[in-house]
Amino acid sequence: MSLTPHGGRLVSVSTFEKSPEKSKELAENSTVQVSRETMVQMFNISTGVLSPLTGFMGRADYENVIDSMRLSNDTPWTIPVLLHVPETFNAGGGDEITLVDDSGNPVGLLTFEELFSISKKDYVKKVFGTEDEAHPGVAKTYASSDRAVAGRLKSVMRFDKGPFENYTLSPKETRVLFKEKGWKDIIAFQTRNAPHIGHEYVQKTGLAFADGIFINPVLGKKKSGDFTDEVILETYQALVKNYYPKNSVVLSVLHYEMQYAGPKEAIMHAIMRKNFGCTHIAIGRDHAGVGSYYGPYAAHEIFKEFPDLGIQAVFFREFFYCNKCAGIANEKICPHLESDRLTFSGTKLRKMFQAGETPPKEFMRPEVSQVILKSKTPFVE
Amino acid sequence: MPQTTTQSKYTTVSIPITLHDRIEKMIIKKSGFKSVSDYVTYVLREVVAMHETKDIPEPFTSTDVEEIKARLKALGYL
């Protein structure tokens, strides 16, 4: 038996292909235009990544999530999944709503359940722990409407994964894959970066006790200066090919927009990987953080509040290269001074690549560096 | 029916006073829990979750599995 999906069942929503007939059929309903991010959420709901959600949250779930970090049936959940609608939007109970993209094409069908308002100030304080508009999650929340529609997704248009179609697996697929491989203990690794040696050591430390590792890079809208999706995937392919034993890694991407909600987002990352069938998740320093809004190990602490999460977090301190140890270490195992240590700084790496330099091999595998150096646009503008 | 508080987010259950006192003494010594209620909630969630996860069937049929295996093979995952 595989690991139980979050909330007890893996959600599956039917899909439809884009067609003039479907557009005509759905044109009768009231419509709501949705963003690319919402389409990604719809895709994740439809494949069960966000199980047990079957659609967008209503008021009861919303309030319980922001106040108690749980759905209204007590299932752990830390970030609301809302469908924001314009102030003018109106619908009646039981109505069907056609969700359309920015060109007016239908991308989903929702059974209307509830229309409600939220306090954006309350939302950002409780979810992000700050009202500072310099925080990307706060800024995005303030830019959205404070009206939300709740409802169950009846069907969604087949999601366009662009060049990543063959690297996108659903939770059903990963669960079958892990079983076929005979893996029982599977550690998930969430990433939004090209891998440096520090990442590799976290993964390999996890792999030392697990049967396999599920490397699951996040693709989607990111901050300026982040690695592009293509580079993240290609660098991981280079790393896995050259430095991992065969049959020890599954590399598959997750379409998802980072919220930068630090500890609360770490719980959501764990829930999604539980739905993929993972038994463990690696949580490192400042997981899902941005700037200095969260303590470096706040994402470790929050897991103590969820004895019923159903996936085991494995916590890692930051790895570095120590000249005196002559190898990779972290503060738990290295007695030497900071001056003896080379830390894996993303900012330092970015500057080196922008100058066309290859980082030292203690910092990044040469095969990985080469992918970045060969890319015309390794970073998000 | 459980007796609910005015906020309707909490209810009262009865436990023996002796057990309550044991827990209170323990959590004073060991930090991490703010109250007996917090401790009891934590333990119950752990236990209930353990029971809930038993006997949940696989979330796919044998037909699903064959189709999935075919795609996984085509993509080089198997």
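Chain A is the first sequence line, chain B the second, and so forth, proteins listed ahead of strands; every chain is numbered from 1.
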(request) Select one option (side chain, backbone, both, neither) describing which atoms of B:Asp38 are under 4.5 Å from chain A's heavy atoms. (result)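 Contact with chain A involves no heavy atom of B:Asp38 at all.
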(request) Give the member of A:Leu169, A:Leu10, A:Asp67 that has the highest number of heavy-atom pairs under 4.5 Å with chain B. (result)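 Most heavy-atom pairs within the cutoff with chain B belong to A:Leu169.
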Say whether, by atom type as modelled, one donor and one acceptor occur between the side chain of [X] and the main chain of [Y] under 3.5 angstrom.
X        : Y        : result
A:Asn216 : A:Ser252 : yes
A:Ser155 : A:Ser14  : no
A:Asp61  : A:Leu71  : no

(request) Using a cut-off of 6.0 Å, state whether more than 12 heavy atoms not belonging to A:Gln312 lie near its atom CD. (result)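 It does not: A:Gln312 CD has 12 such atoms or fewer within range.
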(request) Evaluate whether atom CZ of A:Phe16 has more than 12 neighbouring non-hydrogen atoms of other residues, nucleotides or ligands under 6.0 angstrom away. (result)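 Yes, because the 6.0 Å sphere around CZ of A:Phe16 holds more than 12 heavy atoms from other groups.
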(message) Does anything in residues 70-79 of chain A form a salt bridge (charged side-chain N to carboxylate O under 4.0 Å, His left out)? List the pairs, not counting sequence neighbours.
(response)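 Residue pairs passing salt bridge (charged side-chain N to carboxylate O under 4.0 Å, His left out), neighbours aside: A:Arg70-A:Asp74, A:Arg70-A:Asp308, A:Asp74-B:Arg45.
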(request) Provide the full list of salt bridge (charged side-chain N to carboxylate O under 4.0 Å, His left out) pairs with a residue in residues 159-168 of chain A, sequence neighbours left out, each pair given once. (result)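 Applying salt bridge (charged side-chain N to carboxylate O under 4.0 Å, His left out) to every pair that reaches into residues 159-168 of chain A, excluding sequence neighbours, yields A:Arg158-A:Glu165, A:Lys161-A:Glu165, A:Glu165-B:Arg71.
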(message) Quick check: under 4.5 Å, non-hydrogen atoms only, which of residues 14-23 of chain B neighbour chain A?
(response)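 Listed by number, there are no contacting residues, so the answer is none.
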(request) Under 4.5 Å heavy-atom distance to chain B, tell me which part of A:Ser68 shows up: side chain, backbone, both or neither. (result)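 When you check distances to chain B, only side chain atoms of A:Ser68 fall under 4.5 Å.
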(message) With a 4.5 angstrom heavy-atom cut-off, is it the side chain or the backbone of A:Leu309 that approaches chain B, or both, or neither?
(response)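 Contact with chain B: none, neither part.
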(message) Just to verify, what does A:Lys304 make a side chain to side chain contact (heavy atoms under 4.5 Å, CB included) with, not counting sequence neighbours?
(response)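 Once residues adjacent in sequence are excluded, the partners of A:Lys304 under the side chain to side chain contact (heavy atoms under 4.5 Å, CB included) criterion are A:Glu301.
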